[in-house]
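Below: the structure, in structure tokens.
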Amino acid sequence: MPAPRPDGACRDEELLAAVILRLIAGLRHVAVGAQSPIPATAALLARHLGKGQPFVSLLSSARHNFFTDGGRELFDCAGQGRVDAFFLSGGQIDGAANINLVAIGDYAAPQVRFPGSFGSAYLYYVVPRVILFRLEHSRRTLVNKVDFISAPGTSPPGVYRPGGPVALVTNRCVFAFDRQRGRFRLESLHPGHTLEEVLDHTGFDFDRPERVPQTPSPSPEHLDLMRGVVAPLLAEVYPQFAATVFGFTRQEQS
Amino acid sequence: MPAPRPDGACRDEELLAAVILRLIAGLRHVAVGAQSPIPATAALLARHLGKGQPFVSLLSSARHNFFTDGGRELFDCAGQGRVDAFFLSGGQIDGAANINLVAIGDYAAPQVRFPGSFGSAYLYYVVPRVILFRLEHSRRTLVNKVDFISAPGTSPPGVYRPGGPVALVTNRCVFAFDRQRGRFRLESLHPGHTLEEVLDHTGFDFDRPERVPQTPSPSPEHLDLMRGVVAPLLAEVYPQFAATVFGFTRQEQS
Amino acid sequence: MSAIFRSLDEALAGIGDGAMLVVPPEYGGVAMEATRALIRRGLRDLHLVTLPASSLQADLLIGAGAVATIETSAVSLGEFGPAPRFAAAVTSGKIRIKDATCPAIHAALQAAEKGVPFMPLRGLVGSDLVARRPDWRVIDNPFAARDPIVLLPAIRPDVALFHAPMADRNGNVWIGRRRELATMAHAAAKTVVTVERIHDGDLLATEASAAGVLPALYVEAVAAAPRGAWPLPLAGEYPRDEAHCAEYARLAATEEGFRRYLDRYVYARAAA
Amino acid sequence: MSAIFRSLDEALAGIGDGAMLVVPPEYGGVAMEATRALIRRGLRDLHLVTLPASSLQADLLIGAGAVATIETSAVSLGEFGPAPRFAAAVTSGKIRIKDATCPAIHAALQAAEKGVPFMPLRGLVGSDLVARRPDWRVIDNPFAARDPIVLLPAIRPDVALFHAPMADRNGNVWIGRRRELATMAHAAAKTVVTVERIHDGDLLATEASAAGVLPALYVEAVAAAPRGAWPLPLAGEYPRDEAHCAEYARLAATEEGFRRYLDRYVYARAAA
């Protein structure tokens with residue numbers, strides 16, 4: 001059972017899921033990696049609203065995963081142009097949308113070692129709408145230049161690159177990415193956050209409109225669906241997330 | 001029910017299956033293509049005698065085929081070095097063991113068109129023991145030089161070639177192939193056939209021992225097993241062959 | 001029920017004149033009822049790719065004049081002898097043939113499946129196939145010294161067409177262990193499937209049934225066609241119609257006999 | 001029953017010091033009971049390849065000192081945070097790491113599966129991964145002008161090791177839709193499998209069950225190990241033991257804690 005909440009209140013995770021819901025509107029197939037509970041929330045909500053469209057692949061799910069050709073199928077499918085959106089993060093992300101999932105410091109003797117690049121060095125190139133997602137918005141994570149390029153934000157002419165980043169979503173704001181200019185542009189500020197704060201906590205230079213709009217909150221209908229319909233589905237793959245964010249705990253282990 | 005036969009009599013197909021049984025002795029995995037009923041007879045007999053060894057893959061069989069990765073698995077498996085023997089034929093075969101499964105005459109405007117090369121242009125290179133099999137032993141089929149090389153008998157140094165031909169079995173005799181010399185050597189003459197006859201009907205030059213032995217007939221035990229145990233298994237894939245050679249007709253269609 | 005379910009003719013509407021069409025081998029689930037429907041519709045100028053070989057299906061399409069180019073490792077009627085319309089069309093120069101070898105067609109479709117422009121393949125070096133395929137390249141293996149290896153360009157068909165035992169109501173198709181059907185569908189822009197029956201459940205619901213499924217994501221259209229592989233076999237469902245295949249081989253040996261076959265078994269069935 | 005059935009320790013005898021060992025991801029059937037047995041045996045100097053990523057298994061092997069080199073696209077405990085022993089070993093230089101990306105490991109094993117020396121892969125160009133992998137090559141696509149593409153050399157492991165729901169008495173192993181397990185087995189010289197149970201029948205007997213089977217041809221040894229993926233999940237069988245994984249993450253955060261974990265859950269289980 002979702003825990004009752006004060007009317008109209010909305011957690012950060014719910015706001016961000018609503019942001020992503022807009023970013024994946026109208027697509028045919030949205031794939032979500034193993035450690036992306038908020039994108040998974042948005043994708044499952046989109047599928048519920050679309051009555052079965054888009055196709056949603058949650059990679060570490062057995063139930064919400066229609067792949068039957070093993071772990072390679074996501075990558076083959078993306079190579080065929082059949083994955084319209086994917087989500088990536090980074091230990092560091094820089095202003096050119098380069099992402100670093102490997103290490104801070106010298107590669108040969110790093111200060112901090114991250115898990116590794118996962119599928120980023122491929123999917124970032126071939127999936128048309130890659131949404132970067134990094135909850136911790138700080139000068140530690142959003143840097144001027146990454147220490148290691150797991151995957152570059154843009155590629156020079158001649159390099160096969162049908163895909164790339166379209167946005168960066170953080171706990172403070174949403175950036176859009178301009179592939180021609182190779183730069184981020186501030187799109188909206190989340191409720192309660194300010195431009196000054198974002199400037200203070202961002203290690204890279206970015207463009208912005210004269211007046212930055214506020215990130216719209218999720219509608220009550222969408223909030224109800226996240227809490228009532230999506231949370232139980234999420235619990236299969238993200239039990240801790242479903243419990244912490246939506247107060248949903250599985251009654252039985254299947 | 002196999003038709004009764006005069007004691008000790010043996011059909012050509014049975015003799016040739018016995019020849020092949022010796023050529024595949026002691027192997028781990030024997031694969032048999034779609035149109036090779038006599039090799040299939042030998043392979044299934046070997047498996048029966050070996051109590052489940054060798055593995056036998058009859059490619060167009062559902063029951064005698066353990067491949068589960070689709071049509072590519074035979075070729076992948078051979079590329080891994082896991083197919084020890086395979087059988088190939090040719091509309092033409094020449095003295096250097098080049099095989100032609102494509103056409104007689106000019107390729108662009110052929111006099112005769114054969115079905116095509118099937119997997120020969122790959123398997124001939126990578127399967128250690130390829131047994132060439134051509135029932136019609138004539139100057140039309142065994143030629144001095146093939147009109148089209150579907151696959152060459154040998155390859156120059158530097159070409160990846162762990163496999164190749166070991167023998168050529170016809171309705172008159174058995175040739176062994178010497179890969180170093182790139183030539184056939186007459187190994188044995190089938191009962192009732194003579195060296196003169198083989199020389200008359202062979203379009204290529206070959207080596208031979210001073211005294212050519214006779215091809216041994218199958219043992220009564222092996223004959224009984226072919227007719228009683230193997231024929232019913234063969235009928236799944238080669239119903240006409242099982243009926244014509246062994247007099248076995250399926251009672252029901254499964 | 002998913003919108004991908006159509007009548008047979010509607011499902012086949014996406015296969016137009018000049019299309020590159022990929023089809024499976026005789027034992028892989030051949031959409032024969034659909035093939036007859038395409039011939040009735042007067043389909044022309046196909047670039048037919050067989051993964052990797054074909055029998056009656058290719059011979060019928062060629063005899064009916066539907067094929068401009070065939071890329072194949074073999075066309076043969078197996079126990080029933082050579083494929084007569086194929087052989088006649090090649091010797092008379094009526095169709096263009098791109099001769100291949102089985103694993104080359106598998107690999108070239110896997111290249112498309114993986115979104116890469118080519119795949120390497122062992123074997124082939126020194127064969128006349130390479131000499132006759134200017135679209136294939138022999139390069140030196142960059143990881144070794146003096147090691148020639150063939151690169152095959154990806155084959156990206158417009159449409160994959162096959163017949164399967166069943167699809168569920170979401171459009172997921174049961175292919176069992178015929179994994180080349182998945183590769184065909186992954187490689188092709190569109191996939192059209194005929195099925196024996198509609199399965200009233202979700203084939204992806206259990207690990208056991210999911211293992212043999214081509215997901216609906218790859219499927220453009222599904223049409224029910226009971227005994228849709230006839231007279232060819234469908235694994236686990238029915239065997240080949242031996243008598244009919246023998247009759248085909250006998251009739252198709254001549255152009256006139258082939259016309260009689262078409263009248264009797266292709267055009268007449270539409271009228272019936 | 002087939003001779004490939006062994007006790008767990010006998011089945012693992014073929015995995016020697018210095019072997020190149022390939023293992024599946026957390027959701028793919030991880031042979032954890034076998035992993036604990038290998039650590040008890042004191043296995044050393046592994047070249048560990050993860051297809052494509054790993055979690056507890058790689059962290060445990062690294063913490064126990066069994067790994068010299070790891071080729072991986074990521075090691076992470078997922079919801080339970082970073083993989084602490086992996087991170088410590090890399091930052092201290094105790095292990096050599098070959099950083100990859102998921103499809104690169106899939107493709108390199110498919111190269112071995114297909115018996116080719118390399119496979120091409122899109123993406124990667126301009127990434128620091130390429131800069132740090134001198135064994136990868138960037139070539140110009142021979143089928144296009146000025147189109148750089150990466151070639152990956154085949155990965156040919158000595159042994160593939162995984163856990164599956166069942167094997168039949170002939171040694172055929174049920175892998176369901178985890179097709180990467182078949183690729184692992186095809187690519188490796190030997191494959192060792194632990195299973196929940198022995199299936200008293202022939203998994204290849206019907207089209208339905210055959211679709212999810214790795215044939216015995218590829219399998220060197222099978223050992224029964226009920227709940228052999230614990231504390232990791234096995235699809236269709238049991239979920240992850242969340243509490244245990246949280247305890248591991250907590251203990252393994254320090255070297256001393258990790259030693260306590262080994263004593264309690266790896267060495268003690270042998271004595272029990």
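Both backbone and side-chain heavy atoms feed into the values below; hydrogens, waters and symmetry mates do not. Everything quoted here is computed from the prediction, not taken from an experiment.
- Neither the backbone nor the side chain of B:V127 comes within contact range of chain C; no heavy atom of the residue lies under 4.5 Å from a heavy atom of that chain.
- Taking CZ of B:F114 as the reference point, atom OG of C:S76 lies at 12.5 Å (rounded to 0.5 Å).
- Contacts with chain B were tallied for C:G78, C:A87, C:G126; C:G78 has the most, counting heavy-atom pairs under 4.5 Å.
- Comparing B:A151, B:A109, B:S150 by heavy-atom pairs within less than 4.5 Å of chain C, the highest count is held by B:S150.
- Between the side chain of B:Y124 and the backbone N or O of C:G123, no donor-acceptor pair lies under 3.5 Å.
- Proximity to chain B (any heavy atom under 4.5 Å) is shown, for C:E26, by neither the backbone nor the side chain.
- Separation of atoms OG1 (C:T91) and CD1 (B:I104) is listed at 12.0 Å; rounding is to 0.5 Å.
- To the nearest 0.5 Å, atoms CG (C:L129) and OG (B:S120) are separated by 7.0 Å.
- Residues of residues 46-68 of chain C lying within less than 4.5 angstrom of chain B, judged on heavy atoms, are C:A53 in numerical order.
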Between B:R72 and C:R179, does the side-chain contact (heavy atoms from CB on, under 4.5 Å) criterion hold? Intermediate values first, please. CA-CA 9 Å; B:R72 67 174 165 260; C:R179 306 289 316 169; 4.2 Å; yes
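- Minimum interatomic distance between B:G71 and C:E180 (heavy atoms only, all atoms of both residues): N-OE1, 2.8 Å.
- Contact annotation for residues 135-147 of chain C against chain B (heavy-atom separation below 4.5 Å, listed by residue number): C:R146, C:D147.
- Listed options B:F118, B:F241, B:Y238 were ranked by heavy-atom pairs under 4.5 angstrom with chain C; first place goes to B:F118.
- Residue C:R132 holds its CZ atom at 7.0 Å from OH of B:Y107, rounded to the nearest 0.5 Å.
- Looking at B:E236, there are no atoms closer than 4.5 Å to chain C (heavy atoms on both sides), in backbone or side chain.
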Using side-chain contact (heavy atoms from CB on, under 4.5 Å), reason through C:R122 and B:Y125 one step at a time and then give a plain yes or no. CA-CA 8 Å; C:R122 286 301 192 184; B:Y125 293 75; over 6 Å; no
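- Between B:G158 and C:P148, the closest heavy-atom pair is O-CD, 3.6 Å.
- Residue contact with chain C, scored on non-hydrogen atoms closer than 4.5 Å, involves the side chain of B:P152 exclusively.
- Heavy atoms of C:T183 lying under 4.5 Å from chain B belong exclusively to its side chain.
- Residues of residues 97-107 of chain C placed with any heavy atom under 4.5 Å of a heavy atom in chain B are listed by number as C:I97, C:D99, C:A100, C:T101, C:C102, C:P103, C:H106.
- The choice from B:G116, B:A103, B:G105 that makes the most heavy-atom pairs within less than 4.5 Å of chain C is B:G116.
- Here OH of B:Y122 is found 14.0 Å from OG of C:S73. Values are rounded to the nearest 0.5 Å.
- Minimum heavy-atom separation, B:F67 to C:R177: O-CD, 3.5 Å.
- In this structure a side-chain-to-backbone donor-acceptor pair under 3.5 Å is missing from C:E242 to B:P239.
- Residue contact with chain C, scored on non-hydrogen atoms closer than 4.5 Å, involves the backbone of B:V112 exclusively.
- With rounding to the nearest 0.5 angstrom, the OG atom of C:S92 is 12.5 Å from the CZ atom of B:R113.
- Residues of residues 74-82 of chain B lying under 4.5 angstrom from chain C, judged on non-hydrogen atoms, are B:F75 by number.
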